[in-house]
Protein chains: 2
Amino acid sequence: MARRNPEETRQRILQAATDLFYARGIRAVGVDAIAAEAGVTKRTMYKHFESKDALIVCYLEARDEPVLTGLINSIANAPGDIADRIASMFIALAKRAEGKSWQGCPFARAVSELRDADTGDVAKIAGDHKHTFEHWLEMHLAADSVESADLVARQVMVLLDGCITQLLIHRDSSYAYASAKAARCLIRARCP
Amino acid sequence: MARRNPEETRQRILQAATDLFYARGIRAVGVDAIAAEAGVTKRTMYKHFESKDALIVCYLEARDEPVLTGLINSIANAPGDIADRIASMFIALAKRAEGKSWQGCPFARAVSELRDADTGDVAKIAGDHKHTFEHWLEMHLAADSVESADLVARQVMVLLDGCITQLLIHRDSSYAYASAKAARCLIRARCP
DNA sequence: TCCTTAGTATACCGATCTGTATACTAAGGA
DNA sequence: TCCTTAGTATACAGATCGGTATACTAAGGA
């Protein structure tokens, strides 16, 4: 089976790492398991990624765009004003969290798990990801003439990650509905 | 050094496990490191705890009361009405999160980290802990005549864990201030 | 005095961890 | 034809993992 497209092989390895890291946790998954899942020898894996740490970084960097796209679509494709549309994001989240394969936010979980090692890189990737979405929210809130769009965007970020944590612990979608109501309230209300 | 108080030895082991699990993560810490930190041989450790899994469970169960006490005190000892006092909890959290030893919520991190193994036990302990505090909040909100105290308590829980996640990722206390304002708004506002 | 208790010291088990070494194969281009 | 490329197969190194076995010591109570 030689002479395959190298880029395609690289993607298969990255996909295997993504599936396993997300499902079981980063520290819980060994490189042997990743290579086996990708249908590739460990030697080939190390030709494409110099170490497990590098693979972890690539895994997180690769999640940035699809996760953002999913969140943004759940807002952009919803009806109503900006408050309704952001509330819809929480409802969409509740639906996804019902599936067994849903395991929360890969960025928050990576930061939770890797507390001493290369926390620097991981925290930066996670922080950039969260900041990107916060900025997107701020712009869209401002476009709908919401006052203090920066503060409200930040509060929605807090609600989002809090909602994810509650869903992961309780597996009870009513936390998403409470979060949706809170978001609507914070976006619409004129708070002192 | 024989003939020590067994209960005191057990506590020393549990304290070492607590320090290491919280600082570095549960999967990242080996039983050898815990025994060494406790100044005890591995053999002694296994006389007090039958396995690492049992030690993990004891670690989490032992965190329940002190964590709750800390949160409750940061509310009970603050001035103002219930909205002000709950807002103070977020400010106190921001202060604690400035310290390097602060690493977020031990329960949420344990659930994040242990996704396949004995997730059952761990998720139950974490869920009970969160529910206990949510119930405490609900009672105190109701005592101050806040409408929909159950909903508002749930929303404060979402804000709390979201705030912790943001603080852990960004290490930026302004997220706590935004959370405090959100909590005040949700407690005081009459939302549709 | 003797036995139980609580612990130490040390060594080991098999498994798994990240990572590397050696040797081979099949596809395609010059 | 021959060389480079992309990969396989297998084995192993050195460390660490959770957990156990053997043999010993020192403090107290009966």
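Both backbone and side-chain heavy atoms feed into the values below; hydrogens, waters and symmetry mates do not. Throughout, a chain's letter reflects where its sequence line sits, starting with A, and its residues are numbered from 1.
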**Q** Would you say A:Thr9 reaches D:dA6's phosphate, i.e. side-chain N/O to OP1/OP2 under 4.0 Å?
**A** no
**Q** If the cut-off is 4.0 Å, is B:Thr41 near the phosphate of C:dT8, judged by side-chain N/O to OP1 or OP2?
**A** yes
**Q** Could you pull out all residues at least two apart from B:Phe90 that satisfy ring-ring contact (aromatic ring centres under 6.0 Å, His included)?
**A**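 If we apply the ring-ring contact (aromatic ring centres under 6.0 Å, His included) test to B:Phe90, skipping adjacent residues, there are no hits.
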**Q** Taking both distances under 3.5 Å as the test for a Watson-Crick or G-U pair, what stems of at least three pairs does DNA chain D have?
**A** C:1-30 with D:1-30
**Q** Output the rounded distance in Å from CE (B:Met45) to P (C:dA6).
**A** 18 Å
**Q** Tell me, please, which residues at least two apart from A:His48 pass ring-ring contact (aromatic ring centres under 6.0 Å, His included).
**A**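 For A:His48, no residue satisfies ring-ring contact (aromatic ring centres under 6.0 Å, His included) once neighbours in sequence are set aside.
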**Q** Check whether any side-chain N or O of A:His48 sits under 4.0 Å from OP1 or OP2 of D:dG7, and answer yes or no.
**A**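 Affirmative; the distance criterion is met.
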**Q** Treating B:Lys181 as the side-chain partner and A:Val152 as the backbone partner, does any N or O pair qualify as donor plus acceptor under 3.5 Å?
**A**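 No, B:Lys181 side chain to A:Val152 backbone: no donor-acceptor pair under 3.5 Å.
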**Q** Quick test: give all pairs of protein nitrogen or oxygen and nucleotides 15-21 of chain D nitrogen or oxygen below 3.5 Å, distance rounded to 0.1 Å.
**A**
unit_1 : atom_1 : unit_2  : atom_2 : d
D:dG18 : OP1    : B:Lys52 : NZ     : 2.8
D:dG18 : OP2    : B:Val31 : N      : 2.7
D:dG19 : OP2    : B:Tyr46 : OH     : 2.9
D:dG19 : OP2    : B:Lys52 : N      : 2.8
D:dG19 : O5'    : B:Tyr46 : OH     : 3.4
D:dG19 : N7     : B:Lys42 : NZ     : 2.8
D:dG19 : O6     : B:Lys42 : NZ     : 2.3
D:dA21 : N7     : B:Arg43 : NH1    : 3.3

**Q** Round to the nearest Å and state the distance from B:Asn5 atom CG to D:dA27 atom P.
**A** 16 Å
**Q** Checking B:Arg109 side chain against B:Gln103 main chain: does a donor-acceptor pair fall under 3.5 Å?
**A** yes
**Q** Between the side chains of B:Asp150 and B:Arg154, is the shortest nitrogen-to-carboxylate-oxygen separation below 4.0 Å, so that they form an ion pair?
**A** no
**Q** Given 3.5 Å as the limit, does a donor-acceptor pair link the side chain of B:Asp144 with the main chain of B:Val146, or not?
**A**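 No, B:Asp144 side chain to B:Val146 backbone: no donor-acceptor pair under 3.5 Å.
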**Q** Not counting sequence neighbours, which residues clear ring-ring contact (aromatic ring centres under 6.0 Å, His included) with B:His135? List them please.
**A**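 B:His135: no ring-ring contact (aromatic ring centres under 6.0 Å, His included) contacts found.
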**Q** Using modelled atom types only, decide if a donor and an acceptor are shared between the side chain of B:Arg24 and the backbone of B:Asp19 within a distance under 3.5 Å.
**A**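 No: the side chain of B:Arg24 does not pair with the backbone of B:Asp19.
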**Q** Tell me the salt bridge (Lys or Arg N to Asp or Glu O under 4.0 Å) pairs involving residues 70-86 of chain B, sequence neighbours left out?
**A** B:Asp81-B:Arg188, B:Asp84-B:Arg184, B:Asp84-B:Arg188
**Q** Rounding to an integer number of Å, can you tell me how far B:Gln11 CD sits from C:dA6 P?
**A** 15 Å
**Q** Find the distance A:Ile56:CD1 to C:dC17:P and express it as a whole number of Å.
**A**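 So the CD1-P distance, A:Ile56 to C:dC17, works out to 14 Å.
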**Q** Nearest whole Å is fine: how far is D:dG7 C1' from A:Arg10 CZ?
**A**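 Nearest whole value for this atom pair: 16 Å.
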